Amino acid sequence: MNHIKRIIKKILGKKILFYYNQIKRVSINVYSHENKVISIFKSIKNIRVYNSKNKIVSLSKLFENIKINKITNKNDNFYYDIDFFKMMNTPNSVIGNLCLDYSKILNNSLEDVKKHLNNKNIEFYNTEFETINIIEKYIDKIVKLNSKNITVCTNLSNIKNNKASSFQEALQRILFFNMLLWQTNHRLNGLGRLDKILIEYYNNDIESGVLTEEMVKNLLKEFLLLLHKDYKFKSNSLLGDTGQIIELGGIDKTGKYLCNDLTYMFIELMEELKLPDPKVLVRVSKNMPRKLMEKSLECIQTGIGCPLFANDDVIIDKLINFGYDKEDAYNYGTSACWEPYIIGKSSAQNNIKSLNFMFPLNELLEKENLNKITNFEILLKTYNNYLERYVNNLISDLKKITFEQDPFLSLFIDDCIKNGKDISLGGAKYNDFGLTGVALSNVVNSLVNIKDFVFDKNKMTLIEFNEIRKNDFEKNEAFLKKLKNNGPKYGEDDDFIINLSNNIINFASSIFENKKNILGGKYKFGLSSPNYITDSKTSPASFDGRKNGEPFNVHISTDVSNGYTGLINFAGKLDYNANRFNGNVVDFFVTPNFINDNFDKFVDFLMASIKVGFFEMQMNVVSSAKLIEARKNPEKFPNLVVRVWGFSAYFNDLPDDYKDYLIERALKNESHS
Amino acid sequence: MKAIVSNIQRFCLHDGPGIRTTVFFKGCNLRCPWCSNPENIDFNIQEYEEDGELLHYGYEISLEELEKEILKDKLYYEENGGVTFSGGDGLIQFKKIEPLLKNLKKDNINICVETSLVVSEELVDIAIKYVDTFLVDLKILNQNDANKINTDVSLYKQNVKKLFDNHCNVIFRIPLVPEYTYTDSNIEEILKFLQEYKPKLVQVFKLHRLGEKKYKTLNKKMPEFKNITDEEINSFMNKIKELKINVEYCKI
C-alpha cells in the first residue's frame, strides 16, 4: 500500500497521512476490495476529521456532524448506526481493547452519572459534564428524526433519565454505548457477560408475558447482526479482529456455576448464524453443567472457532493473587482476544507490546562469543542476561507512550470520576499493561536441540551449529528434518520441558515485577500472541528447525503426536502465577470427523481438561482438504470461518501467509491420526 | 524387568470404554494376513530402514517407566477409561508385567486387553486377576480353516470358557474378511458360538490398509482382499441382533 500512501501524500499533503489507516478501513468497508486506489480516493472526499486542542470542542463538532439516519424498516427494533466518515483527530494512543460495565450502564441514566460528578477537579468535572451533554444532545437528535418509531425513541430517551427496564431496552442501551465507543475512535470494544447482565430483564419480560422465548431469540439475532454488520470497518490489523467478545457463564464467589437460558441461546445463535464476529467465550469450571459443555462443543463443531474456553478454576486465583479485589476477579471478562480484564474498572492495555522470546536469543547469537558457552547452564544464564536486557528495553519503550485524553471512557470506567482524573492519566481503578508473549516454544525447542547436539552428543560445536543456522540450513535438509523432529518438545508433558519453560517465564516475570508503568500500574504477560506471523518475518532461522522468516509456533501448541492429553497436561503444569496470566491459550486442530465419531468422549476429554488445569483453550475444527480447496477456489467457500489468533475470520478475508499456515497446521494434525 | 513395546498411544477412543492409553506389545502367536500392525507380530525388536535412516520397531521399557507413562493421563480416565494392552497380542507379556498390573489396580486404573486368547492358560489366569474388560478376537472357529492364520481353536475355546466361567467382562471383536472370517460356514459357527456365550457386546469391523507402509518397511507385501459391502455387514449384524446381543460397527 506504500505507493497509495505516496499518492495521497502528494495530493493532500502530510496531514492526511495521519488518517491513512482510518481511511483505508473506511474504503475497504464502503467500496469494493478490487480497486483500492479508486475506493480510497472516493472516500477521502467524504471524510471529515475534527481536530481541536480542546477535546470537548472536537467531541461536540464530531457529534454535531454525525450523519443520523432514519430507521427505514418499521420492523427494526434498534437504532445502531456508526458514521465512520466522521472522526476525531487523536494524535496520541487511544485507550481501547476493553469492556464497559454494562450492568452499571443499564442501572444508571446519564443524569445519574452526572450526580456522581464531584468538584474535586473542576476542569475534569466540567469536561465530563459537557461530555454527557453532548451525548444527550445526540440522543435528542436521533429521537427527533425517528419520532415515529416510539419504542426505539423511548428506549433511547430513557438513557438520559431512567434506568433500563425491559430486555429490548437493555439491548438498545448496550448497542448505543457500543456505537458511541466506535464513533469516538475506540477500537476492539468488548461486550461483557451478557447472559449474566441480561437475565433479570429476560426473566421479567418472560414472566409478565411481554416477550416470548422466540421473540427474545429474534431480538438477540438482530442485536448480533447489527454488531456484525460493519465488521470490516471495525477490524484491526486483520479482517475479523474486532474484539467484539461476549463472555458467558462463570462461577461466583461460592464456587457455584452461573448460567441460564440466555447462555444457551447465545451459543445456539452463534451456531445458527455462523458469523466470525461477534464471538463468544465460555467461562468454564469443573462445576459447570455437562450440558453446557455439550452445547459449546456443538458450536465449535461447526468450525467457527468459538467459543473459546477460559478456565475459571485456574484464572480467578491468579487474578486475586496479582492484586485484584476478589469481587472484581470473579467478574472478569477479557480484552479483545483472551487477556483477562477487569470489566469496567481498568484501563489495562492488554496487548500493548509483543514479548518475543526469540529476539534475545537472536541477539545473543549475534553478539556473544560462542566459544565461551561451554555447557547448557552457561547457555541458559547467557540467554537470561539477554532476556533481561530485552525486557528492560521494552519497559523503557513503554514509558514513551502518551494516551489520548478520554472524557467519554472516564465517565464509565471506575474510578475516574471518584478520583477526579481522566483515564489517560491513570484515573482508573486498575492500570496494568499487558504484553503478549510469542516464540517461547521455538526458544525452548532451540535450547533442547543445542543441548542435544552440542553439549550431550557432541556432534558439533555451537559455532558450527550456528553457521548452519545462519545459512538457513541450506544443503542440510536431512539435518533440518532431524532438528524439527528431535524431542522432547514444547507442548509435551515432559518434566525437563516443563521445568525449562517455567524457568524462562519465571525469570521474565521477575524482571517485570515491582516495575511501575506510566499510569502507576504493573506489567503482566501471557504466552499467547497475535504476532506469530508478523514478528517472525524479520527473524532469522532458529535451532528448532524454523527457517528464515517462517512463522513461530502458535500460542501453547505442539506438533508432536502425543494426543491432545499431553498438550493439556503440559499447559496444566505451566506456572501462570504472579504476572503471567495475560492470556495463555492452548490452540489445536481437530478434524470434524473426529468429533462427530467421538462426541461423548470428546466432552469427557474437555471436562477432564478443566480439572487438569488449562488456562484457556481454542480449536479449529476443519479438515486440511477443505482449507486447501478453499485456498484454490475461494468463490466456492464464501462462508468458511476459521479461528486465527484470538478471533474468528472468514478464511477468504485472510492474507495468504495466514491461510498457508492454517493449512500446514491442519495437515500436521491429520498426519498423527 | 523390561517389556518390549512398539508404541504407547495416548487419547485412544476406540480401544475400550472411555479415554484410554494403549500400549502396543510386540509378539503374537497368530499370523493373520490382514494384520494392521505387522510390526508387532515378531517378539523381538526389529530393524528397518526409512529414507536411508536405520530405525527400530519396538523398544525396551522398564515397568516403572511404563507405569509413569500410563498414569500421565490418569485425570482423563475418570470412571470408564484407563489403559488398554494391545499388540501383537495384549496378553503376551502379562507374566512379565504382573507387578505393573498390581500397581495399576492399586491405583484404580481400569485395565483392558486386546487379545487373540490363543495364549497359554497361565497368562489367562494372570489376566483374570487384573483385567476389567477383555476385547477378544473372534476369527475362525473351524480348525481346518483356522490353520491359515496359525490359530489353535481348542486352546482358544478353552480360554474363552475360562473367562466366562470366571464371569469376566468380555467383548468379542470380529474382523470381517472375505474368504477368511467371512465365509458362510464360519458365520454359522460364529453365530452358534455367540449364542452359547451371550456376550454383552460384539464389535464388527472391516479390515483397513493403513498398515501397508509398515509392511513395506518389513519387506512384506500386504495381500489384497475382496471387498465386503455395507449390505453384507448389515445383514451379518442383524443376525447377531436376532440373538438379542448388542452389536456395533467400529469405524477405523
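Residue numbering restarts at 1 for every chain, and letters A, B, ... go by the order of the sequence lines. Keep in mind that what you see is a predicted model, and the values were worked out from it rather than measured.
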Can you measure from [atom1] ([X]) to [atom2] ([Y]) and round to the nearest 0.5 angstrom?
{"X": "A:N598", "Y": "B:H14", "atom1": "CG", "atom2": "NE2", "result": "4.0 Å"}
{"X": "A:F605", "Y": "B:L13", "atom1": "CZ", "atom2": "CG", "result": "9.5 Å"}
{"X": "A:N569", "Y": "B:R10", "atom1": "CG", "atom2": "CZ", "result": "5.5 Å"}

Does B:Y57 have any ring pair (Phe, Tyr, Trp, His ring centres under 6.0 Å) partners at least two apart in sequence or in another chain, and if so, which?
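Testing B:Y57 for ring pair (Phe, Tyr, Trp, His ring centres under 6.0 Å), a comparison that skips the adjacent residues, returns B:Y48.
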
Does any pair with a residue in residues 599-609 of chain A pass salt bridge (Lys or Arg N to Asp or Glu O under 4.0 Å), and if so which ones, sequence neighbours excluded?
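Residue pairs passing salt bridge (Lys or Arg N to Asp or Glu O under 4.0 Å), neighbours aside: A:R290-A:D604.
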
Salt bridge present between B:K72 and A:D494 (N-O < 4.0 angstrom):
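No salt bridge links B:K72 with A:D494.
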
Hey, which residues of residues 74-92 of chain B are touching chain A, say heavy atoms under 4.5 Å apart?
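Residues in range: B:L75, B:Y76, B:E78.
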
Might you confirm whether atom [atom1] of [X] has over 12 heavy atoms from other residues, nucleotides or ligands at distances under 6.0 Å?
{"X": "A:K457", "atom1": "NZ", "answer": "yes"}
{"X": "B:E232", "atom1": "CD", "answer": "yes"}
{"X": "B:K68", "atom1": "NZ", "answer": "no"}
{"X": "B:K221", "atom1": "NZ", "answer": "no"}
{"X": "A:K611", "atom1": "NZ", "answer": "no"}

Among residues 475-484 of chain A, which ones touch chain B with a heavy-atom distance under 4.5 Å?
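Listed by number: A:K481, A:K482.
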
With a 4.5 Å heavy-atom cut-off, do A:D493 and B:E69 have their side chains touching?
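When only atoms from C-beta onward are counted, B:E69 and A:D493 do not touch, as no gap falls below 4.5 Å.
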
Mutual orientation of the aromatic rings belonging to B:F11 and A:Y564 [parallel < 30°, tilted 30-60°, perpendicular > 60°]:
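Plane angle over 60°, so perpendicular.
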
